[in-house]
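Data first, discussion second: the structure below is written as structure tokens.
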Amino acid sequence: MMNRTLTGIDASAKRATFATETGTEDVDYDYIHIIPPQRAPNFVRESGLHWADRWTDQGWVEVDMQTLRHLRYPEIFALGDVTGVPKGKTAASVKWQVPVIEDHIVAGIEGREGSAVYDGYTYCPMITRIGHAMLVEFDYHNNLVPSFPGIIAPLEELWISWLLKEVALKATYNAMLCGRA
Ligand SMILES: Cc1cc2nc3c(=O)[nH]c(=O)nc-3n(C[C@H](O)[C@H](O)[C@H](O)COP(=O)(O)OP(=O)(O)OC[C@H]3O[C@@H](n4cnc5c(N)ncnc54)[C@H](O)[C@@H]3O)c2cc1C
């Protein structure tokens, strides 16, 4: 359900109330999953770095979608969730964004143009049930860009995908936080 804001929930009756563009709507549910509003932190939204004509409520930073360089302040780059690009709000995206920004900063220091490009790499590990998951990786154009082609089929529910999500990725994320991955 799009363009609705959850305003109330009656757990005993299993009924959710939404504000819609025309009023309110009550919806009965068996299982409910709500995505909260996504926004940049206040200091980013109030920094003057955000887009003026899109994502105005979210305040994502106005960057070139390939170089991640700010469109008005070329000495500024953005990465991670605050980045104003159409895809890539995952930690795995950050792993592909860092080398791009690094390339352009080093090139700038050396007085040349960087060449690295971020293609929108986004990663959605979806646990479908215990022991089964899908590892869907895609780019700006929704092309599938599997990290393990021929080994992990992105559109199949697999045990190996579940194992990767549950066991291997935690170590990878921790390594990223320490700058080692
Ligand atoms: C439920 C859930 C599951 C997810 N699962 C995955 C997954 O399996 N794989 C994956 O790749 N991605 C996943 N993601 C997405 C991933 O968590 C984010 O894309 C990633 O954390 C973005 O990193 P970031 O550093 O840009 O932002 P954040 O991780 O949000 O870090 C921003 C930091 O800035 C801090 N901050 C805010 N304001 C200030 C301030 N004024 N001063 C100082 N610090 C401030 C915040 O406290 C926060 O620590 C998931 C996200 C959610 C919500």
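We count ligands from 1, going down the list as the structure has it; atoms in each ligand are counted the same way. Excluded from the calculations below are hydrogen atoms, water molecules and symmetry mates; all remaining heavy atoms, backbone and side chain alike, are included.
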Check: With sequence neighbours excluded, what pairs up with Glu102 under the side-chain contact (heavy atoms from CB on, under 4.5 Å) test?
Finding: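 Partners of Glu102 under the side-chain contact (heavy atoms from CB on, under 4.5 Å) test: Val106.
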Checklist line | Amino acids contacting ligand 1, non-hydrogen cut-off under 4.0 Å | finding: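 The answer is Pro41, Phe43, Gly80, Asp81, Lys89, Thr90, Ala91, Ala92, Tyr123, Pro125, Lys165, Tyr173, counting any residue whose heavy atom sits under 4.0 Å from ligand 1.
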Item checked: Residues which pass side chain to side chain donor-acceptor pair (under 3.5 Å) with Tyr121, listed by chain and number, not counting sequence neighbours ->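 Testing Tyr121 for side chain to side chain donor-acceptor pair (under 3.5 Å), a comparison that skips the adjacent residues, returns Glu137.
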Checklist line | Partner set under side chain to side chain donor-acceptor pair (under 3.5 Å) for Asp64, not counting sequence neighbours | finding: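 Applying side chain to side chain donor-acceptor pair (under 3.5 Å) to Asp64 gives Thr67.
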Note to self: Between Glu157 and Arg129, does any side-chain N to carboxylate O distance fall below 4.0 Å?
What the structure shows: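 Salt bridge: yes.
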Checklist line | Closest approach of Ala133 to Ile127 (non-hydrogen atoms, all atoms of both residues) | finding: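 Smallest heavy-atom distance, with atoms named: CB-CA, 4.0 Å.
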Margin query: Using a 6.0 Å cut-off, check whether atom CG of Leu177 has over 12 heavy atoms from anything other than its own residue.
Written below: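 Enclosed.
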